[in-house]
Amino acid sequence: MKGFWLFLCLSVVSFVVKGQDSIYLWPTNSGKFLSSTFGETRSAHFHAGLDIKTWGREGYKVFASRDGYLSKLIITNQGYGKAIYLKHFDGTYTVYAHLQRFNSEFQAIADSIRINELDYSYTFEQSFEEKKLMVKQGDVIGYTGSTGIGPPHLHFEIRNSFNQPINPLSSNLAVQDTISPVFSSFLIEPLNINSKVFNSYYPSEIKPISVKNDTTYFDTVFVSGDIGLSANVYDQANQVNNKYAVYDLKLRSNNRHLYHEKINYFDFS
Ligand SMILES: [Zn+2]
């Protein structure tokens with residue numbers, strides 16, 4: 001059997017990047033802890049923002065992350081629930097979802113539209129004129145909740161001027177994270193009738209043999225034919241037990257780059 005060995009190198013860049021001029025304020029007073037990060041895979045989409053923990057409770061303050069103005073309010077039974085879209089003066093947006101309620105000014109606007117224009121409809125979506133309803137960074141715009149989808153948390157997004165969600169942790173926003181990602185195993189799978197892994201037609205799960213200086217080492221793997229690799233890898237942050245998608249994942253073979261995943265933004269379409 002023709003064999004070769006693969007060297008897998010897991011990049012240990014956690015989700016901290018710098019480089020934007022815009023200064024964002026952490027959007028709630030519930031603490032800087034996440035239950036989900038940007039770009040994690042969901043049933044039919046990528047996760048478009050950060051899920052900020054609210055410890056099973058509702059009613060934490062939600063702050064305008066930057067100066068700007070109200071762009072849109074929505075209330076839906078599913079998805080984002082009660083959500084606020086702010087637009088900022090550089091054309092970017094921030095989105096705050098699953099709110100328990102809006103602040104009294106926005107709530108009055110929402111109620112007036114629902115009662116006067118929508119025959120008391122609970123659900124609605126309303127966009128607003130540019131630069132009419134201004135907000136300052138730090139203004140309380142609403143309160144955290146669990147509308148749309150529970151459990152309670154704040155879903156927070158930053159979108160660029162093309163309405164593409166970008167990784168909020170590529171702004172000045174950050175969580176404390178000194179813990180390297182964990183590469184717990186990978187699965188090697190024969191992809192067709194001519195492929196074998198360790199002379200077998202069945203997939204093989206490979207565990208690490210050691211971890212040194214943030215590098216995870218695996219033993220020699222013998223394969224022939226076309227094979228697929230699945231990585232079982234996650235990241236963690238300080239003081240919480242949540243498992244997150246890794247920010248930056250690379251695969252190299254004999255100094256060749258085979259795969260690189262790093263999600264800083266994506267397109268909804
Ligand atoms: Zn979310």
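Atoms within a ligand are numbered from 1 in the order they appear, just like the ligands themselves.
Contact annotation: the side chain of I84 approaches that of L86 to within less than 4.5 Å [non-hydrogen atoms, C-beta and beyond].
Using modelled atom types, one finds a donor on one side chain and an acceptor on the other under 3.5 Å when comparing D214 with S180.
Within a radius of less than 2.8 Å around the Zn ion (ligand 1), the protein N, O or S atoms are H47 NE2, D51 OD1, H155 ND1.
R159 forms no cation-pi arrangement with Y93, by the criterion of a distance under 6.0 Å to the ring centre and an angle within 45° of the ring axis. In this structure, K87 is not positioned above the aromatic face of Y69 in the sense of NZ or CZ being under 6.0 Å from the six-membered ring centre and within 45° of the axis.
Ion pair K207/D219 not flagged as a salt bridge, since none of the NZ, NE, NH1 or NH2 atoms sits closer than 4.0 Å to an Asp/Glu carboxylate oxygen.
Shown here are the side chain to side chain donor-acceptor pair (under 3.5 Å) partners of K131, two or more places apart in sequence or in another chain: there are none.
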